Number of protein chains: 2
Amino acid sequence: MSEKRLHILEVAEQLFYEKGFEGTSVRDIANTASVNLAMISYYFGSKEKLLTALVEWRAGYIQGVLNELVTDETLDPFEKIDRLVNLYTDKIFNHSRFHCIMTTHLPTIQSEKIKQLMTDIKLRNLDNIRRIITEGQKKGFFRKVDIELTVASIMGTITHITSSKPLYYKIYGIERNNAEAYNKKIAPKLKTHLKQLLRTHLDIKSDTGML
Amino acid sequence: MSEKRLHILEVAEQLFYEKGFEGTSVRDIANTASVNLAMISYYFGSKEKLLTALVEWRAGYIQGVLNELVTDETLDPFEKIDRLVNLYTDKIFNHSRFHCIMTTHLPTIQSEKIKQLMTDIKLRNLDNIRRIITEGQKKGFFRKVDIELTVASIMGTITHITSSKPLYYKIYGIERNNAEAYNKKIAPKLKTHLKQLLRTHLDIKSDTGML
DNA sequence: GTTTAATTTAAACAATTGTTTAACTTTGCG
DNA sequence: CGCAAAGTTAAACAATTGTTTAAATTAAAC
């Protein structure tokens, strides 16, 4: 991938994050990236295909690491859950702009291709987590839970935290737009919370027979 | 509020939900609502003020019911949590369009006024739930948990479910855009999952000393 | 060095955007 | 009725949108 093409993708990511897909003009991207307007059509074909390229570029990232974790036979199920929490929290916090585009901007785009692309990515992620949980159940560590909704709680919690930044800036008294201070303060808390939430949720010893 | 004004708000809600704020033109709203283009400026002043009016109209809704629940002295803390889950799930499923606008479209809007409005609404909600949890802690039912993150898990899970409809359509084999079948199938599952998740999370008896 | 392909440019394209204007009709009140 | 306020309309406004064109420049290959 040419360096210029990559630079356009990075600039587009920043702008889509700040102003949304519809709210960002192609001229805006071209000016910020210091390239001629026509270069974007030249490289990507259209604004929408630029977005698709961005998603494909970033989304492949987590798949490899997640796959390794799933197939690792040296870790017990609870450890895998803990690492899963670390993996997702770090990934989402480190690429928070892209994650924000995925969760809040992409769903607003009408294109069927984009919707299909997103669904595929989510399905692959869900499947990997499902394998970790069912493995834990087979080994007798985890009890019977609704796996899809458990995944929804993991992803939903992290997403809620990253997409409600202005709220948590206020709550935790962090100065505005200081993303680094935010991550440093929230990420460890979030990891602890999720690990503890999932431990009591999954542990067969805390089964109350409600389900 | 005049009937026509209300009708414009309902139409705008539908369109903002489908295509986002930037993706919806004022002409689009006017045509769909069968009113003249200029009527929207006449009634609301601008497109952005129309959005503000929509948020203020819908957001006040849950506050009253939530307040009642918090101050109800006949319910024990676990019952309050269960009712809270029912309340939010029903509210979000019944007004899923508005909720989707709140969570996925509003954050993309640059306006400081809109951002402030959203933060205020969320703070009020957070505060009510905080009161329920601290009450349960004082009475010795709940253990020490991170309240902000617990709220994030509740809201995040529900939001994740409502905003990933296409994914769950596929998983549960529901025909596309059959929102009613979706709600009927998912809402009870979601309530059970959240109640069970929160019970083991909050119950002082399942304290593992991790926090 | 010549030629072919890839890259880059400014300009123009038609379409759509949010908002305003000024003229018109309807409504409500004395 | 008479008249002022509220409601409604079509038309025009300037600005911006995504994309295309055709000419100019650079790079690569022979």
Side-chain angles (χ1 to χ4, degrees), chain A residues 1-57 101 105-115 117, chain B residues 1-57 101 105-115 117:
Chain A
M1 175 135 49
S2 101
E3 202 172 311
K4 204 163 210 170
R5 210 182 117 101
L6 216 92
H7 181 231
I8 293 173
L9 280 182
E10 281 167 350
V11 166
E13 181 182 54
Q14 176 71 34
L15 291 175
F16 288 160
Y17 164 70
E18 285 172 12
K19 327 204 284 184
F21 181 73
E22 304 281 0
T24 304
S25 72
V26 181
R27 276 168 186 78
D28 212 351
I29 300 171
N31 290 338
T32 314
S34 299
V35 300
N36 187 278
L37 172 64
M39 291 307 293
I40 281 150
S41 288
Y42 179 74
Y43 273 125
F44 300 97
S46 71
K47 189 186 176 188
E48 192 178 297
K49 282 179 187 163
L50 163 64
L51 176 65
T52 313
L54 171 63
V55 174
E56 280 165 350
W57 173 49
I101 293 172
H105 296 290
L106 284 199
T108 74
I109 294 159
Q110 290 298 86
S111 155
E112 284 303 318
K113 269 194 181 173
I114 302 274
K115 284 192 199 302
L117 189 59
Chain B
M1 176 132 52
S2 98
E3 202 172 311
K4 205 164 210 170
R5 208 181 119 102
L6 218 93
H7 181 230
I8 293 173
L9 281 182
E10 281 166 350
V11 166
E13 181 182 53
Q14 176 72 34
L15 291 175
F16 288 160
Y17 163 71
E18 286 173 11
K19 327 208 282 185
F21 180 72
E22 305 281 0
T24 304
S25 73
V26 181
R27 277 169 185 78
D28 213 351
I29 300 172
N31 289 338
T32 313
S34 301
V35 300
N36 186 276
L37 173 65
M39 292 307 295
I40 281 149
S41 288
Y42 179 75
Y43 272 125
F44 299 97
S46 71
K47 188 186 175 188
E48 192 178 297
K49 282 180 188 163
L50 162 64
L51 176 64
T52 313
L54 171 63
V55 175
E56 280 166 348
W57 173 49
I101 293 171
H105 297 288
L106 284 199
T108 75
I109 294 159
Q110 291 297 86
S111 154
E112 283 304 316
K113 268 194 181 174
I114 301 273
K115 286 193 198 300
L117 190 57

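Everything numeric here is computed off the predicted structure, so don't read it as measured data. Note on naming: letters A, B, ... go to the chains in the order of the sequence lines (proteins, then strands), and numbering restarts at 1 for each one.
Between dT8(C) and Tyr43(A), a contact under 4.0 Å exists linking OP1 or OP2 to a side-chain N or O. In this model, the phosphate group of dA10(C) is approached by a side-chain N or O of Asn36(A) to a distance below 4.0 Å at OP1 or OP2. OP1 or OP2 of dT8(C) lies within a sub-4.0 Å distance of a side-chain N or O belonging to Lys4(A).
Whole-Å rounding puts the Lys49(B) NZ to dT19(C) C1' distance at 12 Å. Following rounding to the nearest Å, Tyr42(B) (OH) and dT27(C) (C1') show an atom-to-atom distance of 11 Å. Rounded to whole Å, atom P of dA15(D) lies 14 Å from atom CZ of Arg27(A). For Glu22(A) and dT16(C), the CD to C1' distance is 12 Å, given to the nearest whole Å. Rounded to whole Å, the distance from CD1 on Ile40(B) to P on dT20(C) is 13 Å. As a whole-Å value, the separation of Arg5(A) CZ from dT7(C) C1' is 15 Å. For the pair Phe44(A) CZ and dG18(D) C1', the interatomic distance rounds to 15 Å; values are reported in whole Å. When rounded to the nearest whole Å, the span between CZ of Phe21(A) and P of dT17(D) equals 13 Å.
Comparing dA10(D), dT9(C), dG18(D) by their closest approach to the side chain of Ser25(A) singles out dG18(D). Distances were taken from every side-chain heavy atom of Lys47(A) (C-beta onward) to each of dG18(D), dA12(D), dA6(C); the shortest belongs to dG18(D). Nearest to the side-chain atoms of Val26(A) among the listed nucleotides dT19(C), dT8(D), dG18(D) stands dG18(D).
Within 4.0 Å of Leu37(A), counting heavy atoms only, lies at least one base atom of the nucleic acid. Residue-level contact check: Ser41(B) touches the bases, meaning some heavy atom is under 4.0 Å from a base atom.
A cation-pi arrangement is present between Lys47(B) and Phe21(B), with the terminal nitrogen or guanidinium carbon under 6.0 Å from the aromatic centre and inside a 45° cone about the axis.
Of the possible polar contacts, one joining the Thr24(B) side chain to the Leu15(B) backbone as a donor-acceptor pair under 3.5 Å is found. A side-chain donor-acceptor contact under 3.5 Å links Thr52(A) to the backbone of Glu48(A). In this structure, Lys115(A) contributes its side chain and Ile109(A) its backbone to a donor-acceptor pair below 3.5 Å.
Side-chain polar atoms of Gln14(A) and Glu10(A) form no donor-acceptor pair below 3.5 angstrom.
Nearer to the 5' terminus of DNA chain D, by closest-nucleotide assignment, is the contact made by Asp28(A) (compared with the other of Asp28(A) and Ala38(A)).
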